[in-house]
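Everything numeric here is computed off the predicted structure, so don't read it as measured data.
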Amino acid sequence: MKRPSRDKIINPTLNKIQKFTGKKTLVFYSPENEWLFNNPVKISKTNKYFTFEIENKSFKKPNEVLEDLDNAFSHTQLKGKDTYFTCFPYATDNIKISFSSKKISGKINSLLEGKVTDYDNKYLRFVQPLSRTARIGNISNAIDLKTDQEVMYGVGILRLEISNYYFDIFRISENKKEYIFIDSIQKMFFEDFDKITKMFFQAYSYIFGILCGGESYIVSSKSESFELIDKILFRQKPDEKLHDNYIFDSHEIRELKFSKSFFLFPCEIFSNMCNKLVDEEKYQRTLNIIHEANLNVYSLSTCILFSSALETISSLIAKENKGLCPINEDRFANSELITKLTEKVEENTILKEEDKKFIIEKKLPNLNNPTNVDKFESPFIKYKINLPDNFKKALKYRDKYLHGSIPKGNKLGTFRANNFNRAFELQFLVNVLTLKYVGYQGLLKNRSTEMEYYTQKEKGKKDEDITINQSLYYNI
């Protein structure tokens, strides 16, 4: 039986990038500052960013020169031979003024052919260079990819639905370089495409432990095939970063001989996660905090970050789901208790008006809200997660860390080791809720187990003498 595949044309895109990144000399079109008029701006690509050089024809102070350049790059067109360019605001960085050579140089973190509205109502393609092969084949529903490079990529392309748009996500190799491509299957506005691709990479980073960054490109086309490229833009992001706190590693799961049903991360869950990131600010904030915690190297602040993430995701789940209040919400509303208490407060002759206002506006509306302990336990009850005792204990760490205290106990021997172990326990709790919120059913790694194991190894214990009373992976 022939394997399913999809065709993509990518050579025009790669050629467009190569031409776009060549050296060019431009001039500002009608700049506000006279010294920039007809003053050639030499632009070239170096490593992962663009650089510029311009003659310093100004007699202004250095800070005024920098302000002039920032305004010019952010708000003025740059004319080339047959096209013009613009930049996103705050485009310049690392500017240096040489008084001996009378040259000004610096970095440009964005450069667009035309203006951003030229990319509206077009087919858009995102191109992200990577340091390693993209993990497209680790997601279910990926199929083979054929390209005009005359190369077949096994399980190299995936179609996702995000915010009612369809996207083809695929991996490309060219001249020993690796890329992720993201194609819109419908015409889109740039703002929507930009937001959705950002959320895709946030989900990709969370799941696979790879924060994609450095240079990136978006090309536009009038056709879905991208056989002809209309315009191109460049934008520099923070450099790529890797961490070991990934959610999913297919190779590790296979090595541990789990069931084949766990070998791939579910495509529909990846899509759900992207949709929630687009639609729910609190969910996006949760993943942002998790990213910060995963990259952090300090034990105490890592605990604080994961405690904050637990607070954020728990409050999101509590807000969206009825039944987390101590008293049934309908029964509580029918009791008209708040109305009756409000009347009692208003009738009181001892309380001042500001006292009454405080009680009525600040206290009574929260009468049926769950306590902090209930709020953090309720989501696990909702998702029918029976937490082991050490994780039930870890739920209470949140109050300690967020209020400037540190839990008592010396499980692993040092302040740093104890806090990192608690951080991994908090991380596990946060990951359970973050994944269950988007419908995940599968394996989740418990890194506090590894922490316990290696701490005992460092103390000289042999494998046969090490005792750990918890699992490395849990099926949630």
Side-chain angles (χ1 to χ4, degrees), residues 13-119 126-131 174-177 179 194 211-219 229 231-241:
T13 296
L14 296 174
N15 293 336
K16 182 74 171 180
I17 291 173
Q18 185 177 17
K19 182 179 178 182
F20 179 69
T21 55
K23 293 182 179 179
K24 49 181 71 72
T25 300
L26 311 172
V27 293
F28 288 111
Y29 181 77
S30 299
E32 293 181 6
N33 304 101
E34 193 173 312
W35 70 274
L36 290 172
F37 187 75
N38 281 336
N39 192 352
V41 183
K42 296 179 180 179
I43 294 177
S44 60
K45 174 80 168 14
T46 305
N47 295 324
K48 298 176 183 178
Y49 49 84
F50 279 89
T51 60
F52 74 90
E53 184 180 87
I54 186 172
E55 186 178 347
N56 187 3
K57 294 182 178 180
S58 171
F59 296 99
K60 295 182 177 181
K61 296 176 181 178
N63 64 310
E64 293 175 334
V65 170
L66 298 182
E67 187 177 345
D68 287 350
L69 279 171
D70 187 58
N71 285 332
F73 276 108
S74 297
H75 305 296
T76 308
Q77 294 177 3
L78 287 152
K79 292 193 299 181
K81 287 184 179 180
D82 52 4
T83 188
Y84 73 92
F85 301 83
T86 57
C87 299
F88 289 115
Y90 312 109
T92 56
D93 190 20
N94 199 30
I95 297 177
K96 298 176 181 177
I97 301 174
S98 172
F99 293 99
S100 58
S101 65
K102 294 186 178 180
K103 299 289 185 183
I104 305 171
S105 61
K107 295 180 183 178
I108 306 174
N109 56 40
S110 64
L111 189 65
L112 301 77
E113 272 191 340
K115 57 185 183 298
V116 70
T117 52
D118 294 334
Y119 297 77
F126 194 104
V127 182
Q128 177 64 64
L130 300 172
S131 65
E174 177 73 9
N175 294 329
K176 298 182 178 179
K177 294 181 179 179
Y179 302 87
D194 188 44
L211 281 74
C212 303
E215 61 184 308
S216 62
Y217 303 88
I218 294 176
V219 299
I229 303 301
K231 294 188 182 299
I232 182 172
L233 68 83
F234 157 86
R235 186 156 51 189
Q236 186 183 7
K237 301 187 289 184
D239 286 342
E240 179 183 295
K241 291 183 177 67

Can you name the nearest heavy-atom pair linking [X] to [Y], along with the distance?
X    : Y    : answer
P40  : V27  : CA-CG1, 4.0 Å
I108 : C87  : CG2-SG, 4.1 Å
L26  : G80  : CD2-CA, 3.5 Å
S74  : A91  : OG-N, 4.0 Å
I218 : Y119 : O-CE2, 4.1 Å
K45  : E215 : NZ-OE1, 3.0 Å

Whether the side chain of [X] engages the backbone of [Y] through a donor-acceptor N/O pair (distance < 3.5 Å, no angle test) should be reported.
X    : Y    : value
Q128 : C212 : no
S44  : K23  : no
T76  : F73  : no
K96  : N94  : no

Let me confirm one number: the [atom1]-[atom2] distance from [X] to [Y], rounded to the nearest 0.5 Å.
X    : Y    : atom1 : atom2 : value
L112 : Y84  : CG    : OH    : 10.0 Å
I104 : F99  : CD1   : CZ    : 8.5 Å
K48  : K237 : NZ    : NZ    : 11.5 Å
Y179 : I17  : OH    : CD1   : 6.0 Å

inquiry  = Does K103, at its NZ atom, have more than 12 non-hydrogen atoms belonging to other residues, nucleotides or ligands within less than 6.0 Å?
reply    = yes

ask   = Is it true that atom CD of E64 has more than 12 heavy atoms of other residues, nucleotides or ligands lying nearer than 6.0 Å?
value = yes

inquiry  = Side chains of S131 and E240 only: does a donor on one sit below 3.5 Å from an acceptor on the other?
reply    = yes

Student check: side-chain heavy atoms of [X] and [Y] closer than 4.5 Å:
X    : Y    : result
F28  : L78  : yes
F85  : I43  : no
D194 : R235 : yes
N15  : I229 : no
D93  : Y49  : no

ask   = Using the ring of each side chain (for Trp, its six-membered ring), is F20 parallel, tilted or perpendicular to F50, with breaks at 30° and 60°?
value = perpendicular

Ring pair (Phe, Tyr, Trp, His ring centres under 6.0 Å) partners for Y217, two or more places apart = F234

query = Among E113, Q77, H75, which residue meets the side chain to side chain contact (heavy atoms under 4.5 Å, CB included) test with T86?
reply = Q77

remark   = Tested for side chain to side chain contact (heavy atoms under 4.5 Å, CB included) against E67, the lone hit among V65, L69, N71, D70 is N71

Validation: residues 52-63 side-chain donor-acceptor distances under 3.5 Å, sequence neighbours left out:
residue : atom : partner : partner atom : Å
N56     : OD1  : S58     : N            : 3.2
S58     : OG   : K60     : N            : 2.9
K60     : NZ   : D68     : OD2          : 2.9

message = Show, in sequence, the C-alpha distance, side-chain angles and deciding distance for V127 and L14, and conclude whether the side chain to side chain contact (heavy atoms under 4.5 Å, CB included) test is met.
response = CA-CA 9 Å; V127 182; L14 296 174; 5.5 Å; no

